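In this text, all values refer to a predicted model and were calculated from it rather than measured experimentally. Just so it is clear, the values below take in all heavy atoms, side chains as well, and ignore hydrogens, waters and symmetry mates.
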Amino acid sequence: KPSLDRKPMRRRKLKAKEYKEGGSELFGRIVWIDETPIRGNDRRGYKRISLPTYKHYVMAQFRAAFGLNFKGPCGIWTRETKAERDESIKKVRIENQRRKQKAKRKFLKEQKELESRPGYKRKPGRIPKFRWSDLKRSDRGGIDWYNHRETWLKRHLIPFLKSLKEQMGPEFQPMLMEAGAAAHKARCNEEFYEENGIEKLDWVGNSPDLNPIEKAWAWVRKRVALRKPRNFEERCQFWREECEALLQEQINQ
């Protein structure tokens with residue numbers, strides 16, 4: 001990675017100081033989430049363990065969430081079928097129409113309020129115009145903003161956060177920590193977080209990866225490899241079972 005300039009270095013230092021002052025109270029609120037690939041012939045880090053080689057290279061993403069003194073959901077993302085892809089594109093088209101109408105009403109309202117101010121005089125130059133860009137799905141495969149929102153946030157994470165608030169009490173406000181992937185930072189997903197009252201931990205770019213869930217991936221991956229799955233479906237099943245078998249005491253360590 002390129003060396004950091006003084007400005008991002010200073011910002012990293014200030015954030016580190018802020019989080020240090022937050023102490024255990026801050027880190028007790030953080031919900032750590034991450035994803036890791038599940039490959040049909042994955043042998044990374046386990047040279048002494050022989051695994052069968054599958055005819056077709058299949059990939060999925062395993063996702064999980066946990067924190068200090070609580071354990072969240074886990075899920076597996078697999079590639080979409082053509083029918084699922086076509087259906088999602090129709091839904092995105094409808095969503096674009098709804099979002100465009102909402103944004104246009106907001107723009108016209110703001111312009112009307114601005115022009116109604118006493119003594120308002122429009123400055124010379126270009127007349128403000130409504131601009132809009134539609135949401136689009138990625139063609140590169142993998143998890144994009146739509147997959148992340150529909151198959152993880154709506155299906156697993158949001159219900160878990162709501163139940164966690166009820167369990168911990170009204171004063172408990174969870175804070176989400178996720179990687180800086182494009183699907184996580186998408187504008188529509190940032191709006192989705194705000195609509196559901198989700199606070200995100202501000203992690204400065206090029207900062208060290210301190211997500212403790214990385215250690216869980218190594219533990220689960222090794223346990224799955226030792227069980228020697230015979231096919232990809234069995235490998236996914238073992239990932240779920242080993243993640244569920246992960247004890248809270250191990251997470252807290």
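- Using a 4.5 Å heavy-atom threshold, the side chains of Arg137 and Asn147 count as touching.
- Between Trp132 and Phe130, the ring-plane angle classifies as parallel under the 30° and 60° cut-offs.
- Between atom CZ of residue Phe27 and atom CH2 of residue Trp32 there is a gap of 5.5 Å, rounded to the nearest 0.5 Å.
- Looking only at distances, no side-chain donor or acceptor of Asp34 sits under 3.5 Å from a matching main-chain atom of Ile213.
- Between Phe70 and Phe172, the ring planes are perpendicular. Angles over 60° get that label, and only those under 30° would be called parallel.
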Inset, instruction - Before giving the answer on salt bridge (charged side-chain N to carboxylate O under 4.0 Å, His left out), spell out for Asp86 and Lys82 the whole-Å C-alpha distance, their side-chain angles and the decisive distance to 0.1 Å. - result: CA-CA 6 Å; Asp86 294 341; Lys82 186 178 184 303; 3.1 Å; yes
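- Of all non-hydrogen atoms in Gly67 and Gln248, the two that sit nearest each other are O-NE2, 3.2 Å.
- Using a 4.5 Å cut-off between side-chain heavy atoms of Ile, Leu, Val, Met, Phe, Trp and Tyr, with links allowed through other members, Trp152 and Leu164 fall into the same hydrophobic cluster.
- Atom CG in Leu135 sits 4.5 Å away from atom CZ in Arg99 (nearest 0.5 Å).
- Contact check on Arg227 versus Glu242 returns a salt bridge, with a Lys/Arg side-chain nitrogen under 4.0 Å from an Asp/Glu carboxylate oxygen.
- In terms of hydrophobic clustering, with Ile, Leu, Val, Met, Phe, Trp and Tyr side chains grouped at heavy-atom distances under 4.5 Å, Val31 and Leu26 are assigned to different clusters.
- With respect to Glu190, the salt bridge (Lys or Arg N to Asp or Glu O under 4.0 Å) criterion is satisfied by exactly one of Lys200, Arg149, Lys185: Lys200.
- Shortest non-hydrogen contact noted between Tyr193 and His148 is OH-NE2, 3.4 Å.
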Inset, instruction - Please test Arg85 against Asp139 for salt bridge (charged side-chain N to carboxylate O under 4.0 Å, His left out), starting from the C-alpha separation and ending with a verdict. - result: CA-CA 10 Å; Arg85 174 81 180 186; Asp139 296 326; 3.0 Å; yes
